[in-house]
Amino acid sequence: MTGTVTLGFVIFPGFPMACLTSAIEPLRAANEIAGRAAFTWRVLSETSAPVTSSAGVVFAPDDTLENAQNLDYIFLTSSPTGTFQTPGKAQAILQRHLRAGKTIGGFSGGIFPLARTGLMKGHPTSVHWCYDTAFCTEFPELKPVQTVICKGEQRLTASGAAAVFDLMLGLIETQLSAEIMTEVACWFQHPFVRTGEVTQKTPSLTTADTTDSMPKQITKAIQMFAEHIEDPVQIKDVAAAVNMSTRSLERSFRRATGESPLKYYRLLRLKQARQLVLYSSDTITEIAYSVGYSSTSPMLNHYKEVYGVSPQDDRKNRNSFRVTDGSCLPSV
């Protein structure tokens with residue numbers, strides 16, 4: 001292809017800085033290797049005020065979204081709580097962009113303000129596993145996919161910073177060549193270029209492994225747990241579903257994860273509860289019911305036992321980075 005591709009990156013307070021740099025740096029390298037400005041970009045915000053990232057680094061936008069012109073792509077990057085101050089105006093701007101045949105998208109939590117415009121209706125969406133429960137709760141009509149990147153009609157979404165880098169490599173290959181794309185990847189020692197078909201890896205809750213690296217029957221059991229958060233399933237039924245006795249599942253599960261199936265299941269439910277505590281406006285009682293508790297008190301006790309803080313205080317302090325248990329924090 002010839003010409004220049006121009007991208008606009010809309011940043012919101014608390015946005016993940018890694019997503020922005022993972023988008024810009026490969027494009028900069030591609031220009032340098034190609035010896036021409038194949039890509040240009042602008043950092044945008046809804047207002048002209050400085051924007052503070054989740055890492056505390058402050059960015060001065062190049063322009064406002066309203067004033068930005070001649071963009072081929074508009075990508076939003078945000079925490080899940082990011083919102084437009086004037087949603088109607090932002091929606092109109094993005095709709096005009098789509099009518100001109102251009103592309104919109106979101107990185108990481110940026111999919112939340114994008115979905116709030118209503119412009120993702122009917123379109124598949126890549127949502128980071130750390131946010132999928134909160135996303136499905138707020139947007140039950142939208143169906144997130146588990147791949148790292150999702151390419152739809154005039155829509156591009158990437159689940160996290162590494163996925164953003166892969167997405168940019170794809171744009172470089174289309175705009176320039178596979179050779180330049182490979183050289184860019186090697187510049188940054190990015191050894192595996194992932195396409196949209198690659199499924200997100202999710203961590204085990206109790207080991208350094210990812211769930212896909214565990215024995216197949218254990219992976220299947222964990223998947224079954226994940227599919228029965230609101231309506232808990234009996235361990236004996238899970239064992240039968242994976243063709244194991246309850247005792248065998250107990251032994252194999254403990255070898256693979258270091259925990260019993262019952263405790264792991266509870267941790268999985270609490271992980272989803274924490275997503276809702278941090279990234280939704282649901283009441284604590286509603287959250288308890290949605291993750292399979294018949295009353296609030298047991299969840300409160302288990303939550304504090306695992307995270308060292310009550311759900312109410314965790315929600316209050318979600319941007320303080322005080323809780324460092326290794327689970328989801330505001331931006332990825």
Side-chain angles (χ1 to χ4, degrees), residues 1 5 7-11 15-30 38-39 41 71-80 82 94 97-98 102-115 117 119-136 139 142-178 180-182 184-203 210-212 328 331-332:
M1 294 178 63
V5 172
L7 305 92
F9 301 110
V10 184
I11 57 177
F15 78 96
M17 186 173 67
C19 284
L20 183 63
T21 57
S22 290
I24 292 175
E25 281 298 296
L27 301 180
R28 174 197 61 80
F39 299 95
W41 51 87
L71 299 174
D72 296 297
Y73 296 87
I74 297 177
F75 292 108
L76 279 56
T77 182
S78 168
S79 75
L94 295 175
H97 185 76
L98 289 170
K102 308 301 185 179
T103 298
I104 61 174
F107 302 154
S108 187
I111 187 57
F112 282 78
L114 184 59
T117 67
L119 298 177
M120 292 303 295
K121 186 176 181 180
H123 296 274
T125 304
S126 176
V127 178
H128 195 286
W129 60 265
C130 194
Y131 302 140
D132 57 1
T133 300
F135 187 85
C136 291
F139 308 106
L142 300 181
K143 301 301 180 185
V145 298
Q146 298 303 310
T147 52
V148 294
I149 297 169
C150 184
K151 298 181 180 181
E153 183 182 356
Q154 293 182 265
R155 274 85 171 164
L156 289 174
T157 50
S159 56
V164 172
F165 197 101
D166 290 319
L167 180 60
M168 294 302 115
L169 289 177
L171 293 181
I172 292 167
E173 181 177 16
T174 300
Q175 178 70 5
L176 294 171
S177 68
I180 290 179
M181 179 272 288
T182 300
V184 170
C186 291
W187 267 32
F188 294 94
Q189 291 298 293
H190 191 79
F192 304 108
V193 181
R194 299 175 299 175
T195 65
E197 289 73 36
V198 175
T199 301
Q200 297 181 43
K201 285 186 176 292
T202 57
T210 55
T211 54
D212 63 329
C328 305
S331 298
V332 292

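When a residue number appears, it is its place in the shown sequence, counting from 1.
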Which distance, rounded to the nearest 0.5 Å, do you find between the [atom1] of [X] and the [atom2] of [Y]?
X	Y	atom1	atom2	answer
Gln154	Leu94	CD	CG	12.0 Å
Leu114	Phe107	CG	CZ	11.0 Å
Ile74	Thr103	CD1	OG1	10.0 Å
Thr182	Ile172	OG1	CD1	10.5 Å

Test item: Gln189 side-chain N/O and Cys186 main-chain N/O as donor-acceptor pair under 3.5 Å: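 Side chain of Gln189 to backbone of Cys186: a pair is present.
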Using a 3.5 Å distance criterion without hydrogens, assess whether the side chain of Thr147 forms a donor-acceptor pair with backbone atoms of Ile149. yes
Derivation of the side-chain contact (heavy atoms from CB on, under 4.5 Å) call for Thr174 and Val5: CA-CA 11 Å; Thr174 300; Val5 172; over 6 Å; no
For [X], which residues count as a side chain to side chain contact (heavy atoms under 4.5 Å, CB included) partner, sequence neighbours excluded?
X	value
Ala162	Arg194
Glu173	Ala178, Met181
Thr21	Met17
Ser126	Val145, Cys150, Thr157, Ser159, Gln200

Taking the six-membered ring for Trp, are Tyr131 and Phe135 closer than 6.0 Å centroid to centroid? no
Going by side-chain contact (heavy atoms from CB on, under 4.5 Å), Leu76 matches just one of Ser108, Cys19, Pro113. Which one? Pro113
Quick one: list whatever passes side chain to side chain donor-acceptor pair (under 3.5 Å) with Glu25, sequence neighbours left out.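 Once residues adjacent in sequence are excluded, the partners of Glu25 under the side chain to side chain donor-acceptor pair (under 3.5 Å) criterion are Arg28.
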With [X], which residues qualify under ring pair (Phe, Tyr, Trp, His ring centres under 6.0 Å), at least two apart?
X	value
Phe39	none
Phe9	none
His190	Phe165

Mind checking salt bridge (Lys or Arg N to Asp or Glu O under 4.0 Å) for Asp72 and listing every partner two or more places apart, or none if nothing turns up? Lys102
Residues 123-134 vs salt bridge (charged side-chain N to carboxylate O under 4.0 Å, His left out), sequence neighbours excluded, gives none
Here the pair of heavy atoms bringing Trp187 nearest to Ala29 is CE3-CB, 3.4 Å
What's the shortest heavy-atom distance between Pro26 and Met168, and which atoms?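 Scanning both residues completely, I find the closest heavy atoms to be CG-CB, 3.8 Å.
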For the pair Tyr73 and Leu171, evaluate side-chain contact (heavy atoms from CB on, under 4.5 Å) and give the outcome as yes or no after the intermediate values. CA-CA 11 Å; Tyr73 296 87; Leu171 293 181; 3.4 Å; yes
Apply side-chain contact (heavy atoms from CB on, under 4.5 Å) to residues Ile104 and Arg155 and explain how you reach the verdict. CA-CA 5 Å; Ile104 61 174; Arg155 274 85 171 164; 4.1 Å; yes
Are the side chains of Leu167 and Phe75 in contact, using a 4.5 Å heavy-atom criterion? yes
